[in-house]
Asks: 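One structure, pasted below without further comment.
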Amino acid sequence: MSSTLFSPIRLGGVELENRIVVAPMCQYSSADGCATDWHIAHLGMLANSGAGLVIVEATHVERHGRITHGCMGLYSDESEAALKRVVDFCRRAGTAKLGVQLAHAGRKASSQRPWEGGGALKPGEDPWDTIAPSGLPFGPGWHTPRAMAADDFDRVRGAFVAAAQRAVRIGFDAIELHMAHGYLAHSFMSPVSNRRTDQYGGSLENRMRFPREVAEAVRQAVPRTVALGARITGSDWIDGALTPADAVFCAKTLKAAGFDYVDVSSGGISSDARNPATPGYNVPIAEQVRATGTATRTVGLIVTAPQAEDIVAGGKADMVALARAMLDDPHWGWHAARALGAEIRRPNQYLRSGPALWPGAAPLR
Ligand SMILES: Cc1cc2nc3c(=O)[nH]c(=O)nc-3n(C[C@H](O)[C@H](O)[C@H](O)COP(=O)(O)O)c2cc1C
């Protein structure tokens, strides 16, 4: 039995040994943007999940672009050194290639960690001013952001470039811009959050302008040896807002800017929007995006090995990303390999846990 999920794929100058990706997942465990020992344990573990690529959580390009006080950043020498320590460890300990998601939280910044309530920071919790395309809050009880002015555009664009340069210095194999989940770039693209009347608002092309400018500036700063991609919005799941056709436009724009791949996610633009809860809910959108000829990954309730295999073998996406299923089973890729009859690399220390441990065992489903 030969598995498509476990076949290699090339993204720009980088070859992944399989098509399984650990999705970026905020850990809310950084200290002023700096990765901590938690990240050594968490990412060190996921570097041995059997995934070809692990994407480090949303890593913010400026301090006020963080979602919470615990979010990771890449905006200082200290945060660069802290993340380098984690990446160096993952290289020594694990088998996966490593990527980082660069982000700016926009109007969803200055929030509580999920386990502290997940709402806007209250006056006693050291909140900060937020920025967005327009002065519209994410939902009731959220901060009202300041509409971005000319110097904000220059500063944020520059911060993305500087963070990308730091990521290249750290030695990441892939860099991924966060253009989804209601954060700054997505909030420009969506008509729900962007009511500007200048060249950054109005038509889809205008709403895409700032994300495109960031993408082009980052592309110039990142050598072709590093895979460059973006997580994009497949749907806002709100009538009259972003649709799969808009995702296709976004993917084409990024392809023209020299991007190597996109990841189709969805939702998160407003506090009252809800994502579907059906298995692989973004897959049909990814299929449309993939038709543009862009290497396409997708995410969202992909849980089992046969499901993942079906998505890539059926040509619906080139790669799959998993988030919650990877936290639940950090060796998900090992177990998927066993179920699909594929080989997987394990670290020397764990070699004796290989398939020979289960002669004749029934494949896991
Ligand atoms: C704990 C946690 C943290 C997350 N943090 C991020 C993040 O930093 N960046 C991002 O793009 N998505 C983030 N997500 C969303 C996931 O990457 C993924 O898109 C979503 O959970 C759907 O995939 P799943 O059904 O496999 O969990 C997070 C999800 C979880 C569960």
Side-chain angles (χ1 to χ4, degrees), residues 5 19-30 33 35 38-39 41-43 45-46 49 51 53-61 65-68 70-74 83 86 98-106 108-109 111-116 118 163 167 174-187 189 211 229-235 237 247 261-269 273-283 285-286 296-305 307-308 311 317 319-330 332-333 336:
L5 187 65
R19 286 135 187 275
I20 305 167
V21 178
V22 176
M25 280 181 276
C26 291
Q27 297 297 295
Y28 314 101
S29 301
S30 296
W38 174 263
H39 298 95
H42 166 72
L43 293 166
M45 169 179 80
L46 292 172
S49 59
L53 177 66
V54 174
I55 305 284
V56 172
E57 68 191 75
T59 298
H60 299 94
V61 301
R66 291 175 302 158
I67 310 168
T68 73
C71 281
M72 180 110 68
L74 202 40
L83 190 50
V86 173
L98 302 165
V100 62
Q101 185 185 51
L102 298 183
H104 191 298
K108 292 171 84 171
S111 303
Q112 300 161 328
R113 293 172 178 86
W115 54 84
E116 291 165 345
I175 295 175
E176 180 166 313
L177 303 187
H178 201 344
M179 296 194 173
H181 301 178
Y183 299 111
L184 187 66
H186 177 192
S187 71
M189 282 185 261
R231 178 166 258 202
I232 68 170
T233 297
S235 173
W237 307 116
Y261 72 95
V262 294
D263 179 34
V264 177
S265 186
S266 61
I269 196 62
R274 292 283 167 272
N275 283 13
T278 45
Y281 54 87
N282 290 314
V283 172
I285 309 174
T296 302
R297 192 174 92 206
T298 192
V299 68
L301 283 177
I302 299 167
V303 175
T304 71
Q307 180 194 13
I311 292 167
M319 297 162 279
V320 290
L322 293 84
R324 291 164 291 180
M326 283 286 179
L327 296 185
D328 182 56
D329 174 9
W332 190 94

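Because only heavy atoms are used, hydrogens play no part in the values below, and waters and symmetry mates are left out as well, while side chains stay in. Atoms within a ligand are numbered from 1 in the order they appear, just like the ligands themselves. None of these values were measured; they are calculated from a predicted model. Sequential numbering from 1 along the given sequence is applied to the chain's residues.
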Asks: For the pair Thr278 (side chain) and Pro276 (backbone), establish whether a donor and an acceptor sit closer than 3.5 Å, ignoring hydrogens and angles.
Replies: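 Judged by distance alone, no pair lies under 3.5 Å.
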
Asks: Using side-chain contact (heavy atoms from CB on, under 4.5 Å) as the criterion, list what pairs up with Ala51, not counting sequence neighbours.
Replies: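 Result, side-chain contact (heavy atoms from CB on, under 4.5 Å) vs Ala51: Ile20, Val22, Ser49, Met326.
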
Asks: Who's closest to atom 12 (N) of ligand 1 heavy-atom-wise, of Met72, Arg231, Gln27, Gln101?
Replies: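 Heavy atom nearest to atom 12 (N) of ligand 1 belongs to Arg231.
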
Asks: Mind checking the OG1-CZ spacing from Thr59 to Arg66? Nearest 0.5 Å is all I need.
Replies: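 One finds 12.0 Å between OG1 of Thr59 and CZ of Arg66.
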
Asks: Of all the atoms in ligand 1, which lie at a distance below 4.0 Å from a heavy atom belonging to Gly300?
Replies: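 Ligand 1 atoms under the 4.0 Å threshold to Gly300: 22 (C), 23 (O), 25 (O).
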
Asks: Please check if the side chain of Gln307 supplies one atom and the backbone of Leu301 the other of a donor-acceptor pair under 3.5 Å.
Replies: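 At least one qualifying donor-acceptor pair exists.
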
Asks: Between His42 and His39, what is the ring plane arrangement, given parallel below 30°, perpendicular above 60°, and tilted in between?
Replies: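 Ring orientation of His42 relative to His39: perpendicular.
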
Asks: Identify which of Met25, Glu176, Arg324, His181 has a heavy atom lying nearest to atom 15 (C) of ligand 1.
Replies: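 The residue whose heavy atom sits nearest atom 15 (C) of ligand 1 is His181.
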
Asks: Just go through Ala323, Ala103, Pro24, Pro279 and tell me whose heavy atom is the nearest to atom 14 (N) of ligand 1.
Replies: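 Looking at heavy atoms only, Pro24 sits closest to atom 14 (N) of ligand 1.
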
Asks: List the closest protein heavy-atom neighbour of atom 5 (N) of ligand 1: residue, atom name, distance to the nearest 0.1 Å.
Replies: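 Protein heavy atom at minimum distance: Cys26 N, 2.7 Å.
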
Asks: Could you establish whether Ala325 and ligand 1 come within less than 4.0 Å of each other, counting only heavy atoms on the residue side?
Replies: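 Contact absent.
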
Asks: Considering only heavy atoms of Ala23, which atoms of ligand 1 have at least one such atom less than 4.0 Å away?
Replies: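 Counting atoms of ligand 1 from 1, those under 4.0 Å from Ala23 are 17 (O).
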
Asks: With a 3.5 Å cut-off and no angle check, do the side chains of Glu176 and Tyr261 form a donor-acceptor pair?
Replies: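 The answer is yes; a qualifying pair exists.
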
Asks: Output the list of atoms in ligand 1 that are nearer than 4.0 Å to some heavy atom of Leu322, sorted by atom number.
Replies: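 So the answer, numbered in order with elements, is 26 (O).
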
Asks: Is a donor on one side and an acceptor on the other found under 3.5 Å between the side chain of Asp263 and the backbone of Gly229?
Replies: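 Here the side-chain-to-backbone pair does not exist.
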
Asks: Going by the atom numbers of ligand 1, which of them fall below 4.0 Å from some non-hydrogen atom of Leu301?
Replies: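 Result: 24 (P), 25 (O).
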
Asks: Can you sort out which atoms of ligand 1 are near Val299, meaning under 4.0 Å from one of its heavy atoms?
Replies: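 With Val299 as reference, the close atoms of ligand 1 come out as 18 (C), 19 (O), 23 (O).
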
